[in-house]
Amino acid sequence: VMYWIYRPGGWCDQQKKEHWEEGVVTLPVVQLTQFLLIPTAIGITEELILTLNALGKTGWTQIEQKPQATRMKYFVAKGFRALDGLTWLLIITTLMLFATDILNMFLNFAALQFLQSIDDTFYNAAKEGFFGLRLELAAAEVAATTLPTKRGTWR
């Protein structure tokens, strides 16, 4: 998706050409909508919000049944999850700020929200057993894993 947006001759270049070469002026209502959609863009970036929430509330601890779960793997996984959220935020914001009309802006939001929710859909399908017993057991084990909160209690 990022390649399609930022490649030479890609979506951003086309939008810039429309704006500056053809003299298209962004309407004030479009600019107002762009401004109001900034908090919405941050709010729908689930991975970023969930990662910051998890880092703020939970800490790492050794899980005796899983000796391969190290502190470094915990923070690398959280780092990649935050990077995923920041990447989606960059994509959503770019598509929003270069939009020339409100309909395209909302269609881009809807499409990206769908793409963002695919991983949760596949996880829930795996948890329900649609992809076989091994993935069902792995998803159930992931769902059952808990970490201590920073207050010292397990959740």
Side-chain angles (χ1 to χ4, degrees), residues 1-60 72-147 149-151 155:
V1 172
M2 288 185 74
Y3 176 75
W4 173 74
I5 293 172
Y6 295 110
R7 70 180 170 84
W11 189 84
C12 279
D13 286 346
Q14 291 172 358
Q15 296 298 316
K16 287 177 188 176
K17 184 190 290 185
E18 283 181 22
H19 272 267
W20 292 300
E21 288 181 8
E22 297 176 9
V24 174
V25 177
T26 304
L27 298 173
V29 70
V30 174
Q31 292 176 343
L32 177 66
T33 306
Q34 290 171 338
F35 177 72
L36 293 175
L37 285 178
I38 291 173
T40 307
I42 294 169
I44 68 169
T45 310
E46 292 176 3
E47 295 299 326
L48 188 59
I49 302 297
L50 292 174
T51 301
L52 294 176
N53 185 30
L55 286 175
K57 289 184 178 179
T58 62
W60 180 86
M72 183 175 152
K73 288 180 183 178
Y74 172 79
F75 286 111
V76 166
K78 293 295 181 191
F80 278 123
R81 193 171 181 185
L83 182 64
D84 179 37
L86 287 171
T87 303
W88 277 107
L89 185 62
L90 175 71
I91 291 170
I92 290 170
T93 305
T94 301
L95 290 174
M96 177 185 60
L97 293 178
F98 280 101
T100 55
D101 64 6
I102 294 176
L103 180 62
N104 284 338
M105 197 181 323
F106 281 108
L107 289 175
N108 288 336
F109 257 76
L112 289 174
Q113 181 61 30
F114 169 75
L115 290 175
Q116 223 175 359
S117 66
I118 286 176
D119 62 341
D120 292 333
T121 303
F122 278 100
Y123 171 71
N124 289 330
K127 205 162 62 168
E128 295 295 324
F130 287 105
F131 299 120
L133 182 61
R134 288 182 65 185
L135 283 179
E136 181 181 1
L137 294 174
E141 188 175 336
V142 167
T145 302
T146 60
L147 293 171
T149 64
K150 293 198 174 178
R151 288 177 264 143
R155 52 180 255 139

Mind checking whether L36 and T40 have side chains closer than 4.5 Å, heavy atoms only? no
Working to the nearest 0.5 angstrom, can you tell me the gap between I42 CD1 and I49 CD1? 7.5 Å
Any side-chain heavy atom of I92 within less than 4.5 Å of one from Q113? no
Cut-off 3.5 Å, no hydrogens considered: what does the side-chain donor-acceptor table look like for residues 76-86, sequence neighbours left out?
unit_1	atom_1	unit_2	atom_2	d
R81	NE	E47	OE1	2.7
D84	OD1	W88	NE1	3.3

Pairing residues for I118 by the side-chain contact (heavy atoms from CB on, under 4.5 Å) criterion, not counting sequence neighbours: F114, L115, F122
Count the heavy atoms belonging to other residues, nucleotides or ligands that lie under 6.0 Å from CZ of F35, then report whether that count exceeds 12. no
Find out whether F109 and L95 are in side-chain contact, i.e. whether some heavy atom of one side chain is under 4.5 Å from a heavy atom of the other. no
From the list T87, T93, T94, side chain to side chain contact (heavy atoms under 4.5 Å, CB included) partner of L90 resolves to T94
Any idea which heavy atoms bring A126 and A139 closest together, and the distance? C-CB, 4.2 Å
All pairs passing side chain to side chain donor-acceptor pair (under 3.5 Å) where residues 118-142 contributes a residue, at least two apart: K66-E141
